[in-house]
Amino acid sequence: MIENLVIVESPAKAKTIEKFLGKDYTVQSCFGHIRDLAKKNLGIEIKNNYQPQYIVSDDKKKVVSELKKYATDSRIVWLASDEDREGEAIAWHLCEVLKLKPENTRRIVFHEITENAIRQAIREPRGINKNLVNAQQARRVLDRLVGFELSPILWKKIQPALSAGRVQSVAVRLLVEREREIISFKASSAYRVVALFLFTDEAGEKKSLKAELSERFPTREETLDFLGKCIRANYKIIGISTRPSTKSPAPPFTTSTLQQEASRKLGFSVSQTMSVAQRLYESGKITYMRTDSVNLSNLALGTVKKVIEQEYGDKYVKIRKFKTKSKGAQEAHEAIRPTFIANKDIQGNVQEKRLYDLIWKRTVASQMSDAQIEKTTVTIEISTADENFLATGEVITFDGFLKVYFESRDEEGEENGRAMLPPVQLQQELTCDSITATEKFTPPPLRYTEATLVKKLEELGIGRPSTYAPTISTIQNRGYVVKEDRPGITRELHLITLKDEKIREEEKTEYAGREKGKLFPNNIGIIVNDFLIEHFEDIINYHFTAKIEKEFDEIAVGKLVWTAMIDAFYSSFHKKVETTLESSEKEKGERYLGEDPVTGKKVFVKMGRYGPIAQLGDSQEEEKPKFASLIKGQLIENITLEEALELFKLPRIIGTFEGKELVIGLGKFGPYVRHEGKFYSLKKGIDDPLTIEADRAIELIGEKREADQKRIIKTFAEDPDLLVLRGRYGPYISFQKKNYKIPRKMDPEKLGYSDCKEIIERHDKSGKSKN
DNA sequence: CAGTGAGCGAGCTTCCGCTTGACTT
């Protein structure tokens with residue numbers, strides 16, 4: 001007989017709590033939700049007032065049967081799932097599935113894993129809040145209805161295996177709309193004018209001062225006109241103003257802000273951050289990593305205070321209570337912080353150490369004093385012009401939290417105004433060494449990274465800490481978006497300088513717009529997005545989640561019946577589903593580009609069975625149209641007639657090598673060179689399939705042959721098809737287009753022909769028995 | 001890994017939010 005059984009969601013949490021509670025308590029974990037809607041036929045009985053059909057999935061059966069054993073053996077069962085909508089539902093499902101009796105079941109909640117908080121919770125048990133459970137059921141059922149009714153429409157009207165949902169479809173919409181802003185963006189330029197002044201200070205030392213003109217000139221003529229006025233002008237300081245200001249630290253990490261900072265500072269992907277954080281959590285080094293709360297426990301605040309006092313001194317301490325700003329936050333946990341703040345560093349791999357360091361610094365800095373900053377602006381008058389030059393400098397008079405941590409930004413701003421200014425006086429005369437006017441282009445809107453997309457979703461109240469990373473993966477897995485680097489463009493910019501009373505003009509080339517690790521929408525993402533917006537704008541709407549969240553809140557306080565809410569939504573939604581299925585045509589995203597000037601045939605771009613294609617000639621006419629695949633990265637959205645016509649120039653024969661033809665073509669995996677039946681990929685961003693020449697193609701073939709050679713560990717005279725190769729996961733055997741794992745005990749260098757044959761045979765046999 | 005693009009049809013795909021393993025040929 002067990003006296004007390006406590007059930008929590010996470011096994012790591014169970015371990016910690018068991019330590020606090022002692023031997024009268026057995027603590028088990030249920031690993032999150034233990035059952036979910038059946039996958040067949042929606043899992044909801046629509047005609048039976050939306051009765052959910054819950055089933056325990058296969059991978060949860062083991063956990064459930066173990067918990068059942070424990071529960072029947074226990075005097076009191078304490079349900080300690082999180083204090084939020086999902087946690088309440090988990091507690092309710094546990095009651096139902098484990099058949100718990102109310103008289104020996106208690107529901108308890110705590111927001112922080114400290115002994116006090118848990119003892120306190122046990123002193124204040126309550127029952128299950130059925131209203132809150134109903135709010136969760138409404139959330140669950142609505143998401144299933146939306147996801148499982150919209151997705152099949154896409155299979156029918158666009159392409160199989162696509163998906164749509166309340167969260168993912170909005171994420172894609174954000175990316176598509178941003179891409180359109182970038183496509184339609186027209187850069188304008190203006191001249192930024194910077195002067196370099198020289199003077200001698202009181203000690204006789206030569207000093208310099210850089211200052212920027214208070215305005216930028218939109219044209220070359222105006223810039224020239226201004227610089228002309230500056231020849232033989234006199235310069236005098238007519239103003240020095242200093243303005244004190246303060247900077248405050250950012251709040252402790254939530255899931256979303258941790259993902260953002262790990263991306264900016266450490267270059268981690270969103271899922272990488274989560275898996276490293278998971279390891280830190282499981283080894284007891286940090287608190288729970290899926291949270292939307294910026295709150296720190298009083299215990300933690302006390303330790304942070306001590307650490308700051310010891311490391312930096314009393315005047316660096318400023319204890320703060322942060323309030324969450326994000327919509328729909330449920331705050332079931334603390335903010336993400338080190339479990340033991342006194343530990344400045346930890347054991348672990350490089351990634352773990354770096355992420356821990358980031359969390360430590362952010363936590364500590366959040367409880368430190370404001371930084372005091374003095375901003376100085378020096379105004380310099382030009383005797384021959386109305387404009388002024390301004391020199392700005394910044395001096396940190398008290399570093400405060402900046403001693404530990406500085407939050408990064410997403411924009412790549414110009415390094416400006418950060419430097420200290422040399423000491424100068426009012427009315428001081430300056431000598432102008434030179435003035436440089438540089439043409440500056442306005443930057444286009446920023447593309448999203450994984451992390452900035454998470455930030456945006458959080459601002460909109462869409463998605464939860466546990467789903468940010470999976471959502472980002474889903475929209476990439478469906479092919480809606482791709483995360484990649486893309487090269488920028490080089491462009492000419494105009495430079496005008498005034499030095500030694502002479503004005504000189506020159507052209508400079510600038511490399512701009514290179515993208516690294518950004519999210520780009522694909523054609524299929526754009527087509528799905530446009531289709532959903534045309535037929536279901538109200539759901540793909542940025543405010544849809546906020547709207548239904550309000551209704552869930554009403555359900556949670558008992559003011560609204562959950563099935564009534566679902567019925568109001570579903571009856572109009574389902575009507576739209578039916579009319580869309582009946583009326584709308586198959587959507588191929590076709591766009592007409594114009595006529596081919598050579599043949600006079602019409603040119604279209606659209607989605608084909610295997611991807612986006614260009615079509616030359618109308619399908620109505622007698623002659624069959626020609627087709628050509630679009631190159632990766634080309635969008636139906638903005639491809640030009642000229643670019644489309646180029647595509648029909650492939651495949652091209654560009655010469656011969658070793659007596660065989662070199663053919664450039666475009667395949668499933670991008671542009672290639674074909675030679676003797678073998679394929680060699682062109683280098684992305686370097687080679688253009690339409691202009692590549694034989695020399696370069698031969699070079700590529702050589703590189704590939706060399707790389708293949710390096711992969712070979714062993715070959716056998718008995719059979720040229722059998723190879724021992726070095727691969728991503730270590731050495732393996734390749735035979736007749738199939739790969740085989742080498743047992744760990746065996747040395748790949750010493751494998752003989754018969755050894756390999758044996759491995760292959762053994763594998764093939766076991767493979768057969770499995771199928 | 002790599003050329004395709006007519007049309008039909010069976011059977012498959014899919015949501016969001018809680019949790020952790022399993023484990024690469």
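Below, chains carry the letters A, B, ... as their sequence lines are ordered, and counting in each starts from 1.
- At whole-Å resolution of the value, CZ in A:Arg711 and P in B:dT25 are 15 Å apart.
- The ring of A:Trp155 lies on top of the base of B:dT13, close enough and flat enough: under 5.5 Å between centres, under 30° between planes.
- Note: OH (A:Tyr680) to C1' (B:dC1) measures 14 Å, nearest angstrom.
- Residue A:Arg279 is classed as having no contact, given no heavy-atom separation below 4.0 Å to the nucleic acid.
- What separates CD of A:Glu661 from P of B:dG3 is a distance of 18 Å, to the nearest Å.
- Residue whose closest nucleotide on DNA chain B sits further toward the 5' end, between A:Gly611 and A:Gln159: A:Gly611.
- Counted by atom type alone, A:Ser10 and A:Tyr281 present one or more donor-acceptor pairs between their side chains at under 3.5 Å.
- Between B:dC1 and A:Arg674, no contact under 4.0 Å exists linking OP1 or OP2 to a side-chain N or O.
- The separation between A:Ile713 atom CD1 and B:dT25 atom C1' is 13 Å, rounded to whole Å.
- Between A:His535 and A:Phe531, the two ring planes are tilted [angle within 30° to 60°].
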Under-3.5 Å N/O pairs linking protein and nucleotides 16-18 of chain B:
| residue | atom | partner | partner atom | Å |
| --- | --- | --- | --- | --- |
| B:dC16 | OP1 | A:Val167 | N | 2.9 |
| B:dC16 | OP1 | A:Gln168 | N | 2.9 |
| B:dC16 | OP2 | A:Gln168 | NE2 | 3.2 |
| B:dC16 | O4' | A:Asp143 | OD2 | 3.3 |
| B:dC16 | O3' | A:Arg166 | NH2 | 3.0 |
| B:dC16 | O2 | A:Arg139 | NH1 | 2.9 |
| B:dC16 | N3 | A:Arg140 | NH2 | 3.4 |
| B:dG17 | OP1 | A:Arg166 | NH2 | 2.9 |
| B:dG17 | OP2 | A:Thr467 | OG1 | 3.0 |
| B:dG17 | O4' | A:Arg139 | NH2 | 3.3 |
| B:dC18 | OP1 | A:Arg464 | NE | 3.2 |
| B:dC18 | OP2 | A:Ser466 | OG | 2.8 |
| B:dC18 | O3' | A:Glu9 | OE1 | 3.3 |
| B:dC18 | O2 | A:His33 | N | 2.6 |

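- Across all strands shown, A:Tyr468 has no heavy atoms under 4.0 Å from either base or sugar-phosphate atoms.
- The aromatic rings of A:Tyr570 and A:Tyr50 stand perpendicular to each other, their planes meeting at an angle above 60°, with 30° marking the opposite boundary.
- Salt bridge A:Lys576/A:Asp538: present, at least one basic N to carboxylate O contact under 4.0 Å.
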Test log, rule salt bridge (Lys or Arg N to Asp or Glu O under 4.0 Å), inputs A:Lys13 and A:Asp82: CA-CA 11 Å; A:Lys13 198 167 166 179; A:Asp82 298 344; 3.0 Å; yes
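- Using a 4.0 Å heavy-atom cutoff across all strands shown, A:Ser81 reaches no nucleic acid atom at all.
- Nucleic acid contact class of A:Gln278 (heavy atoms, under 4.0 Å, all strands): sugar-phosphate only.
- Using a 4.0 Å cut-off, no side-chain N or O of A:Ser10 falls inside it from OP1 or OP2 of B:dT19.
- Within the 4.0 angstrom heavy-atom criterion, base atoms lie near A:Ser151.
- Residue ring and base: A:Phe148 does not count as stacked with B:dC15 (centre distance below 5.5 Å and interplanar angle below 30° not both satisfied).
- Using a 4.0 Å heavy-atom criterion, one finds that A:Pro11 contacts the sugar-phosphate atoms exclusively.
- Here the side chain of A:Asn41 pairs no donor or acceptor atom with the backbone of A:Gly43 at under 3.5 angstrom.
- As rounded to whole Å, 15 Å separates atom P of B:dG3 from atom CD1 of A:Ile613.
- The nearest whole Å value for the distance from the NZ atom in A:Lys156 to the P atom in B:dT13 is 18 Å.
- Whole-Å rounding puts the A:Tyr480 OH to B:dT13 C1' distance at 11 Å.
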Criterion side chain to side chain donor-acceptor pair (under 3.5 Å) on A:Gln168 and A:Ser163, from CA distance to verdict: CA-CA 9 Å; A:Gln168 57 169 284; A:Ser163 67; 2.8 Å; yes
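- Listed for the A:Trp155 side chain is a donor-acceptor partner under 3.5 Å among the backbone atoms of A:Leu162.
- Distance CD (A:Gln136) to P (B:dC15): 18 Å, rounded to an integer number of Å.
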